[in-house]
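The structure under discussion appears below in the form of structure tokens.
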Amino acid sequence: MSLLIDLHIHSTHSDGTQSIREIVDLSRKQHLKAIAITDHDTVSGLPEVFRYIQETGSELAVVSGIELSTQFEKLDCHILGYLFDYENLEFLRIIDFYKQKREQRAEKTVVQLHELGFPVSMDLIREMAQSGSIGRPHIARALVESGLMPNVNYAFDYYLGYHKPAYVHKEKLSPEQGIAYIHQAGGVAVLAHPGSYFNESIVDRFAGFGLDGLEVYHPNHSKEMVMRLLKTAKSRNMLITGGSDNHGSVKSDTYIGAVRVPYLFYEKLLAYHQNLNLTA
Ligand code: AMP
Ligand code: FE
Ligand code: FE
Ligand code: ZN
């Protein structure tokens, strides 16, 4: 039996539907050897995952993770951070700043929804997001929960999606800033699911910003895309990572077990990180 890992998992601390405990239990059931919780723009789930692993004495390895939303020209680029110090004050300050921005954006969205005739409550949206970072999925769920819209897809397709009447722009980091913040907290930066906009020159530009690796294995990457990304990462000596992008029951294609990522890439990630810190 091959040893497998999953380095891209969302929990209820962002827009996933599963708690940290559920995720750890599920990962064990699937005999995964290493995981990373990579919630959108927040580290609020990390203390609990490390505590739970310690309490339950599992052989499952966990590394700190995050998925930062960045914007590069017209592209939304997600950057994964791994093995950083999630108590680093400068890092916490930056993510808190963007958390406030998300909160303000949600408030603006609510005003627009009210004007469109959907009196959804900001408190319910906050409740949906618990203590984590608020995103459009929480707004969509609150609309459904309030009986104002039939389902989450409808909410995105007609109101919350890009260019739709209740869409509000989100202020984002640049990839250069995102990578630099991850590095200053001692971590490594990996480009998440680049398949939708991949070309070699974009990878080279990001490499110029200090990008350390590419997320090669992802449920939305075709076999051909995986081969192209592997080739690109290898020729540039970049890290290779992968994960399911699990969000729980809200998405049908991204769930724990949806991709097979060899354990070898976890070992390479650790070795690379250790080397960085030795030479820093
Ligand atoms: P936000 O970060 O608030 O802009 O929300 C982005 C998140 O919304 C993404 O991570 C997706 O999980 C989710 N999302 C985007 N489009 C859709 C859609 N059409 N249906 C369901 N979820 C979506
Ligand atoms: Fe998401
Ligand atoms: Fe993403
Ligand atoms: Zn993700």
Side-chain angles (χ1 to χ4, degrees), residues 6-18 23 35-43 45 65-72 74-82 95 98-110 112-113 120 122 125-126 128-129 132-144 149-173 175 178 189-198 214-221 241-256 258-259 261:
D6 188 337
L7 300 178
H8 192 155
I9 297 176
H10 296 275
S11 77
T12 49
H13 288 265
S14 63
D15 58 352
T17 56
Q18 294 149 325
I23 287 165
I35 60 167
I37 304 289
T38 54
D39 275 310
H40 295 287
D41 304 312
T42 183
V43 292
I66 192 165
E67 184 175 18
L68 294 178
S69 312
T70 78
Q71 189 161 357
F72 181 66
K74 293 246 173 244
L75 294 174
D76 275 328
C77 297
H78 289 181
I79 311 250
L80 294 158
Y82 294 118
I95 57 181
Y98 284 92
K99 188 177 175 186
Q100 306 295 335
K101 290 271 172 208
R102 276 176 173 273
E103 179 102 14
Q104 291 160 11
R105 177 205 197 203
E107 281 163 4
K108 284 188 196 158
T109 309
V110 166
Q112 298 205 10
L113 286 167
V120 66
M122 188 65 205
I125 294 168
R126 283 204 189 90
M128 294 287 161
S133 56
I134 299 182
R136 284 177 290 158
H138 303 113
I139 302 175
R141 281 179 225 163
L143 284 161
V144 175
M149 291 193 192
N151 56 56
V152 165
N153 275 338
Y154 176 96
F156 271 96
D157 290 350
Y158 294 96
Y159 294 96
L160 299 173
Y162 190 50
H163 286 319
K164 301 295 180 219
Y167 179 81
V168 177
H169 173 75
K170 181 167 79 173
E171 209 172 312
K172 295 188 192 118
L173 289 164
V190 172
L191 192 58
H193 45 72
S196 54
Y197 55 80
F198 171 74
L214 299 179
E215 184 174 58
V216 170
Y217 301 96
H218 185 282
N220 298 347
H221 290 167
T241 72
S244 66
D245 211 348
N246 171 70
H247 281 74
S249 62
V250 277
K251 292 190 181 176
S252 55
D253 52 344
T254 53
Y255 52 88
I256 295 175
V259 280
V261 186

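Counting starts at 1 for both ligands and their atoms, following the listed order. From a predicted model like this one, the values you see are computed outputs, not experimental measurements. Any value given below was found using the heavy atoms of this structure, including those in side chains, with hydrogens, waters and symmetry copies removed.
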Below the 3.5 angstrom mark, is there an N/O of Asp157, backbone or side chain, next to an N/O of ligand 1? no
Closest protein heavy atom to atom 6 (C) of ligand 1, given as residue, atom name and distance to 0.1 Å: Arg136 NH2, 3.7 Å
Of all protein heavy atoms, the one nearest atom 12 (O) of ligand 1 is Lys251 NZ, 2.9 Å
Measure across Asp76 and Lys172 and return the closest heavy-atom pair with its distance rounded to 0.1 Å. OD1-NZ, 2.6 Å
N/O/S atom of His40 inside 2.8 Å of the Fe ion (ligand 3), strictly under: no
Using a strict cut-off of 4.0 Å, indicate which atoms of ligand 1 neighbour a heavy atom of Lys170. 1 (P), 2 (O), 4 (O)
Identity and distance of the protein heavy atom lying nearest atom 20 (N) of ligand 1: Asn153 OD1, 3.3 Å
Which of the ligand 1 atoms, numbered from 1, are nearer than 4.0 Å to a heavy atom of His40: 10 (O)
I'd like to know if Pro137 contacts ligand 1, where contact means a heavy-atom distance under 4.0 Å to any ligand atom. yes
When only distance counts, is His78 in polar contact with ligand 1, meaning an N/O pair under 3.5 Å? no
Ile23 and His10: which non-hydrogen atoms are nearest, and at how many Å? CD1-O, 3.5 Å
Would you say Arg105 touches ligand 1, if touching means a heavy atom closer than 4.0 Å? yes
Looking only at protein heavy atoms, what sits closest to atom 9 (C) of ligand 1 is Asp15 OD2, 4.0 Å
To the nearest 10°, what's the angle at the Zn ion (ligand 4) between atoms NE2 (His10) and OE1 (Glu67)? 90°
Looking at His78, the N, O or S atom sitting nearest the Fe ion (ligand 3) is ND1
So Cys77 and Tyr197, do their side chains get closer than 4.5 Å, heavy atoms only? yes
Closest non-hydrogen atom pair between Leu143 and Leu113, with its separation: CD1-CD1, 4.0 Å
Exercise: identify the closest heavy-atom pair between Ile125 and Val110: CD1-CG2, 3.4 Å
For Gly135, take its heavy atoms, then give the atoms of ligand 1 lying under 4.0 Å from any of them. 3 (O)
I'd like to check Tyr255 versus Pro219 (side-chain heavy atoms, cut-off strictly below 4.5 Å). Are they in contact? no
Would you mind telling me if ligand 1 is within reach of the side chain of Ile134, the backbone, both or neither, using heavy atoms under 4.0 Å? neither
Given 3.5 Å as the limit, does a donor-acceptor pair link the side chain of His138 with the main chain of Ser14, or not? yes
So, 4.0 Å and heavy atoms of Arg102: is ligand 1 close enough to count as a contact? yes
Counting the benzene-type ring for Trp, do His221 and His193 have ring centres under 6.0 Å apart? no
Which heavy atom in Gly161 sits nearest to a heavy atom in Arg136, and how many Å separate them? CA-NH1, 3.9 Å
Nearest heavy-atom pair of Glu103 and Met122: which atoms, and what distance? O-CE, 4.1 Å
Looking at Asp245, the N/O/S atom that lies nearest to the Zn ion (ligand 4) is called OD1
Closest protein heavy atom to atom 15 (C) of ligand 1, given as residue, atom name and distance to 0.1 Å: Phe156 CE2, 3.5 Å
Are the side chains of Ile79 and Phe72 in touch, meaning some heavy atoms are under 4.5 Å apart? no
Any idea which N/O/S atom from Glu67 gets closest to the Fe ion (ligand 3)? OE2
Euclidean distance, Ile139 CD1 relative to Phe156 CZ, rounded to 0.5 Å: 8.0 Å
Taking 2.8 Å as the cut-off, does His40 contribute an N, O or S atom near the Zn ion (ligand 4), distance below it? no
